[in-house]
Amino acid sequence: GGHYDQPQTCRFSSGDDSTCLAGQSLLLTPQPDILVADYPCGINGTDCNYVPKHKWTHSSPCFKSTESDDKFCVFTDTNFANGRGASFVMSGRRAAYLATNPGFVEPDLTKDTNQDIETSALYRMKEFPGKGMGLEAKKHIRRGDLIMANTVSLMIDYRVFDEITKEDYMQLQVAAVDNLPAPHRAAVLELSTHHATNLSHIEKIDKLTATNAFDIAPDADDEDQDHSFFVVFPEIARMNHDCRPNADYYYDHATLTQYIHALRDIMPGEEITLSYINPAMTRADRMRRLKRIWGFDCACHLCTQAQKSADASDKRIEQIKGLYWEFRNKKQDSRATPQMAELLISLYEQERLGGSMYEGYALAALEYNGVGDPWTATKFARLAIEYGLTTVGDKDADVKDMLQLAEDPWSHWSWMQRTKTRMGWGKKEDDDSD
Ligand SMILES: C[S@@+](CC[C@H](N)C(=O)[O-])C[C@H]1O[C@@H](n2cnc3c(N)ncnc32)[C@H](O)[C@@H]1O
């Protein structure tokens, strides 16, 4: 989730395509080949005197939002990521803003991404009974190893689904796919439509985006965007779901890249899996959600284990949920202690929630530091960093916070914070809660 509480001088209210400087309007008349979208100044604090333009190789007709003056169109750049290409369905100023990201401007940043599945030394694609295609490890992959990195193929602003008609956005989705360079377009069109057959081209593209897209939350620093993005990465989309997956993903906004790392050692012959949902839910909740959104009955090991084991797992999940808020509570009445954080870590381990370990370690680091135990705090901060690098990435605010704690616990914001708050020492602002 993002924080949008920074002071702003020239805020774009959502749905306002005007800029903080008068006279810079968007050129959104569709043109057969090249479309140049102005990049309005002020968006996320950018320099109002610098207005780069981006040349898109394809555009589309635009559809006006029912809720604002924004127009939504397709912007394709076939040169993006060294010729792989990408299509964006969003307003012109959002597309132009994204085109200033390092991933666009510095092609070197994405030169090692987008490995072909066919030539990968790490995995192969094969059929898994009851699940369609999936990826199987070819060799021993160690915990923390990078498995795959994909730049966005198709990126749709969620506003599009709310603010233009279904008929119109389906048309934009089709143009977005059709505009991609041929090999990339073929990879998208081969994706799973989850058992649906005899679909028209338009229906097929709608079904395959629904089956394969990830929800990507906006960048926490992005003041202009409060909707998520709906994004397809065709190679990553081949990984099937497991409630206790062996791999995890995070998205890097700067390079428009989704990274997949191993959560634990993966043996040759094992399927490489991701969790499509928050895995820290009870069995019934997980199964209901997977059925509702993806339409399959989860038959993973955790969902099919004996009732006694399933009940024990659900009880641990309930306890995890109960403990979690004690740590988030920075007020005097929080019952959080370092021992409670140790329990949370143990519950994550018992549940094999590899993707949550970094969070458990980070909370333990803060609780130990909060009561003045710098060495145990540093131990957990180092663990949080190691696990965080593979599950949330080095740019994550919590990972950066843990680096600071590990370097100097005494000058970290959390030093003696719990004790002070509990005892009513120090300034009143200690009462700040999230
Ligand atoms: C993102 S795709 C995964 C790759 C897909 N199996 C393929 O053939 O390309 C999601 C679809 O895969 C299938 N799937 C993924 N995980 C599954 C699981 N654990 N059990 C059954 N089907 C699954 C479902 O059809 C789901 O809609």
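Fair warning: this is a prediction, and the values are worked out from it, not measured in the lab. Side-chain atoms are counted along with the backbone in the values below, which use heavy atoms only and exclude waters and symmetry mates. Both counts, for ligands and for their atoms, begin at 1 and track the order of listing.
- Atom 5 (C) of ligand 1 has its closest protein heavy atom at M133 O, 3.4 Å.
- If you look at Y158 and H227, their ring centroids are not closer than 6.0 Å.
- Centroid-to-centroid, the aromatic rings of F161 and F230 come within less than 6.0 Å.
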- S153 and H184: CA distance, side-chain angles, deciding distance, side chain to side chain donor-acceptor pair (under 3.5 Å) verdict: CA-CA 8 Å; S153 289; H184 190 174; 2.6 Å; yes
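- When only interatomic distances are considered, the shortest N/O to N/O separation between D242 and ligand 1 does not fall below 3.5 Å.
- At the top of the distance list for atom 11 (C) of ligand 1, counting protein heavy atoms only, stands T211 CG2, 3.9 Å.
- Outside the 6.0 Å centre-distance limit, the rings of W56 and H58 are not counted as a close aromatic pair.
- Residue H241 has at least one nitrogen or oxygen atom sitting less than 3.5 Å from a nitrogen or oxygen atom of ligand 1, judged on distance alone.
- Atoms of ligand 1 lying under 4.0 Å from any heavy atom of M239, numbered from 1 in the order shown and given with element: 3 (C).
- The ring of Y361 has its center no closer than 6.0 angstrom to the ring center of Y358.
- Within 6.0 Å of CZ in R289 there are 12 or fewer heavy atoms belonging to other residues, nucleotides or ligands.
- Scanning all protein heavy atoms for the shortest distance to atom 27 (O) of ligand 1 gives H194 ND1, 3.2 Å.
- Those atoms of ligand 1 that come under 4.0 Å of a heavy atom in G130, given as number and element, are 21 (C), 22 (N).
- Between E235 and R84 there is a salt bridge, since at least one side-chain N of the basic residue sits less than 4.0 Å from a carboxylate O of the acidic one.
- Residue L191 places every heavy atom at 4.0 Å or more from ligand 1.
- Scanning all protein heavy atoms for the shortest distance to atom 13 (C) of ligand 1 gives K131 O, 3.5 Å.
- When ring centroids are compared, Y259 and Y249 stay outside the 6.0 Å threshold.
- Taking only non-hydrogen atoms, the option from A237, P129, S192 nearest to atom 3 (C) of ligand 1 is A237.
- Between D297 and ligand 1, not a single N/O pair is under 3.5 Å apart.
- Nearest-heavy-atom check against atom 23 (C) of ligand 1 across F296, Y276, W294, F233 picks out F296.
- Between D222 and H253 there is no side-chain heavy-atom pair separated by less than 4.5 Å.
- Proximity of H241 to L274: side-chain heavy atoms (C-beta onward) are nowhere separated by under 4.5 Å.
- The N/O atoms of N212, backbone and side chain alike, include none that comes under 3.5 Å of an N/O atom in ligand 1.
- Of the protein's heavy atoms, R238 NH1, 2.6 Å lies nearest to atom 9 (O) of ligand 1.
- For atom 14 (N) of ligand 1, the closest non-hydrogen atom on the protein side is N240 OD1, 3.5 Å.
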